[in-house]
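Residues: numbered from 1 along the sequence shown.
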Amino acid sequence: MVNLPNVTSSGSSGVGMSKKELMKYANDPFWVRLRTFLFVLFWVVWVAMLVGAVLIIALAPGCPATASLPWWKKCALARVEVKLPTGTGATPKEVLTSATAQLRKLEGGLKALKEANLDALIVSGLDAFFLDPTLHGSENGTEEVLEKFRDALTSLNAAVHGDEVKAKILYALTLDQTSVGTEWHRKSADDVKAKISGGGGELSQNSSTSSSSSSTAGYYLWRKALLSGTDLIWKFNVDNRLYFGTRSTDQVAALNYGDAALKEKMRALVLSWVRSKVDGIQVDGDFYVDPSASVDDSSARTFASAETLAEVRKWIKSGGENKALLVSGSSLTGGLLKSHTEANYFELAPEGELWSLLSASGDNLLPALKKLFTDYQEADKAEAEAAAAAAAANKTTDGTPAAAAPSAAEVKAKIGLGWRSFTVDYPANKGNRISVHSGLTMAEAVLTALHLLPKSNPIIVTEASADTSASPTSTAVDSLAHLGRNRLLADLTRLRREQSESFMLGSTILPEVMTHNGKGEVLAVTRVYKQKNAYLLVINFASTSQEFEVKGGAGVGFDREVSVARVVLADSQNLSIVGKEVDIAKLKLEPKSFLLVELAPRD
């Protein structure tokens, strides 16, 4: 039992002051002033914090308009090829062994991706059927080699995503055709021959037919007679005395995605690649469907199927919405300046002929590039005029908007429409026709110019350097290392990432150029975004030095004069002025040289 002390109200409890004692200080001048000061201080601090928060929000630069774009529309891509043994003498075991060795080599050379500021690597040259275990069986120990290939593939994909590289990886796979010498094509030819001998002309399994049938007769497009007026070339097969459809030569045959068994097999094949932690797949060409699937049908028709391409996209997206399907070489997609429709819109749909046209320009590089950027300039003008007309029509007589402005989601959706990709030969490639014909500097100038094309993504195709003595199993890694040896590409990709709005979304302007001497063979292109900043590329195509003036202000997209013009990129002849300010009214370029200048308007 605990005895508590008996404390009366008149006794001292030792806790605080009584009310009577507190009241002595209530009206004390010192404490009155202190309470007033603290009260005012509280509200001053509170209002200051509120004003500060408002200012931070108001003055913050905010996320760039490109922030909402998926990774494949704003990343810097490069493609390397895995060289494999070819010919009828190469066994599946030899091919897989070579592919495995090259994937291991690539894993050890990924540092070059970071050195070149690249965000994604496309690996081409591998066969999609490498991940089909039913294709090789256990012939000559192939099954064991196949498992080693799978391990190498998984390891490479993990290394690309690792902390040291932090990039994406895609594989360029041929899903629309196979070689004529493959087991599939040989078996299909035999099955077709057997069906015809048995009196049957219908080859494909429709959607109601079980896909477990062992017949491969409908895997390809077969006809008894040569067809003309179609979107395919028809070649004769001597084994079954029939014609087969192909996109190009008699060495490859187009697959028929109208056959349910073939489609199911290809779906499983695509999913096996997607599940290997790959970020996307690049496909080359159209997917074909035989509407009749009869060898007796002689109708001229279109076999390319946009629906099948969309279905393949769904297969890839089933592995995650962040997976990408890159389409190249397809006739189903429009050019860079064509409007978006559901039929021609895929991730980075191609501008297939762009690089071929530029490569074939020879001495006409200047007019070819000028026409390309003029088309963009006219498209920008037309879009601005249409927007102004729509805004004028959208106002009532008192000048107030008659309809609500588009939502942020609608604006973001529009930004992402109509994006295209194109392949560009790395300037130092032995096969770069611009470099061979006009010199390395001009090839670098064209590469720089193509990085200024809006709503597009150049895919840099690289090969082993000219002086390499690489073995067959090191070709791909040598090609990748080749990219890291040139600072121009690294600087270009860095600029495009840091100034994504100007490079990807800005307006294209060809400013007026006045030459003071020389032939006037100068191209000037400006990319500007909302009066914030601009990038001016000037290229001297002449074989003599050129002195010239570029009109500032409205000429480069500003409503006021240029205050700062700083060189950010240059060819090897002008490296000494990189980082320095120049006067765009008094520029001089050496023969076959270029500058990329950052412009800022006067405050």
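- A donor-acceptor pair under 3.5 Å is formed between the side chain of T246 and the backbone N or O of V252.
- With hydrogens and angles ignored, the 3.5 Å screen pairs a side-chain donor or acceptor of Y426 with a backbone N or O of H482.
- Considering all non-hydrogen atoms of both residues, S272 and L131 come closest at OG-CB, 3.5 Å.
- Checked by atom type, the side-chain pair T508/R527 shows a donor-acceptor distance below 3.5 Å.
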Notebook entry, point to check: What do the steps show when you test V567 against N574 for side-chain contact (heavy atoms from CB on, under 4.5 Å), and what is the final call?
Noted result: CA-CA 10 Å; V567 177; N574 295 294; over 6 Å; no
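- Qualifying side-chain contact (heavy atoms from CB on, under 4.5 Å) partners for V270, counting only residues two or more places apart in sequence or in other chains: L175, V274, I281, W315, I316.
- In this structure, the separation between CG on L569 and CG on L575 is 9.5 Å, given to the nearest 0.5 Å.
- At distances below 3.5 Å, not a single donor-acceptor pair connects side-chain atoms of T216 with backbone N or O atoms of Y219.
- Residues T182 and F129 form no side-chain contact, since every pair of their non-hydrogen atoms from C-beta on lies 4.5 Å or further apart.
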Next item on the list: Could you walk me through whether L262 and Y257 pass the side-chain contact (heavy atoms from CB on, under 4.5 Å) test, one step at a time?
Entry: CA-CA 6 Å; L262 181 278; Y257 275 78; 4.2 Å; yes
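- The line from OH of Y171 to CZ of R79 is 14.5 Å long, rounded to the nearest 0.5 Å.
- Counting non-hydrogen atoms of neighbouring residues, nucleotides and ligands closer than 6.0 angstrom, the NZ atom of K317 exceeds 12 such neighbours.
- With hydrogens and angles ignored, the 3.5 Å screen pairs a side-chain donor or acceptor of N256 with a backbone N or O of G258.
- Using cut-offs of 30° and 60° on the angle between ring planes, the pair F503 and Y535 is tilted.
- Under the side-chain hydrogen bond (donor to acceptor under 3.5 Å, both in side chains) rule, D119 has a single partner from K168, K166, R497, which is R497.
- Annotation: side chain of V95 is not in contact with side chain of D127 (no heavy-atom distance under 4.5 Å).
- Using a cutoff of 4.0 Å between basic side-chain nitrogens and carboxylate oxygens, K148 and D151 are not scored as salt-bridged.
- L118 and A78 get closest at one heavy-atom pair: CD1-CB, 3.6 Å.
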Next item on the list: Could you please spell out the steps behind the side chain to side chain donor-acceptor pair (under 3.5 Å) verdict for S155 and E107?
Entry: CA-CA 8 Å; S155 181; E107 184 178 340; 2.8 Å; yes
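- Separation of atoms CZ (F130) and CG (L146) is listed at 9.5 Å; rounding is to 0.5 Å.
- A heavy-atom distance below 4.5 Å is not found between the side chains of F287 and V289.
- Here the shortest heavy-atom pairing between A120 and A167 reads N-CB, 4.5 Å.
- Between S305 and T308, the closest heavy-atom pair is OG-OG1, 2.9 Å.
- Checking side-chain atoms of D571 against main-chain N and O of E444 turns up no donor-acceptor pair under 3.5 Å.
- Residues Q377 and I509 meet the side-chain proximity criterion, which asks for heavy atoms closer than 4.5 Å.
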Item checked: R433/D425 under side-chain contact (heavy atoms from CB on, under 4.5 Å): CA gap, chis, key distance, verdict -> CA-CA 9 Å; R433 291 176 62 185; D425 270 356; over 6 Å; no
Next item on the list: Could you go through the side-chain contact (heavy atoms from CB on, under 4.5 Å) check for I122 and L77 one step at a time?
Entry: CA-CA 7 Å; I122 302 175; L77 296 133; 4.0 Å; yes
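- Side-chain N or O atoms of D279 include none that pairs as donor or acceptor with a backbone N or O of L170 at under 3.5 Å.
- You'll find the side chain of L523 stays beyond 4.5 Å of the side chain of F594, heavy atoms only.
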Next item on the list: Start with the C-alpha gap between F244 and Y220, add the side-chain angles, then the distance that decides, and say whether ring-ring contact (aromatic ring centres under 6.0 Å, His included) holds.
Entry: CA-CA 7 Å; F244 62 89; Y220 298 87; 8.1 Å; no
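- In terms of modelled atom types and a separation under 3.5 Å, the side chain of W273 and the main chain of V278 share no donor-acceptor contact.
- In this structure the side chain of L365 never reaches within 4.5 angstrom of the side chain of I539, judged on heavy atoms.
- For the pair N457 (side chain) and W72 (backbone), a donor-acceptor distance under 3.5 Å is present.
- One N or O on the side chain of K74 and one on the backbone of A67 form a donor-acceptor pair closer than 3.5 Å.
- Contact annotation: the side chain of T493 never approaches that of I460 to less than 4.5 Å [non-hydrogen atoms, C-beta and beyond].
- In terms of heavy atoms, H185 sits closest to V180 at ND1-O, 3.2 Å.
- Comment: K83 engages E81 in a salt bridge, judged by a side-chain N to carboxylate O separation of less than 4.0 angstrom.
- Panel note: side chain D290, backbone L221; no donor-acceptor pair is recorded below 3.5 Å.
- Taking NZ of K592 as the start and CG of L440 as the end, the distance is 13.0 Å to the nearest 0.5 Å.
- The CG atom of N117 lies 8.5 Å from the CG atom of L489; values are rounded to the nearest 0.5 Å.
- Annotation: the span from L488 atom CG to T448 atom OG1 amounts to 4.5 Å, rounded to 0.5 Å.
- No side-chain heavy atom of E164 sits less than 4.5 Å from a side-chain heavy atom of L110.
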Next item on the list: Under the salt bridge (Lys or Arg N to Asp or Glu O under 4.0 Å) rule, what do K314 and E311 come out as? Steps first, then yes or no, please.
Entry: CA-CA 5 Å; K314 288 180 181 178; E311 198 167 351; over 6 Å; no
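- When all heavy atoms of A99 and L126 are compared, the pair lying nearest together is CB-CD2, 3.9 Å.
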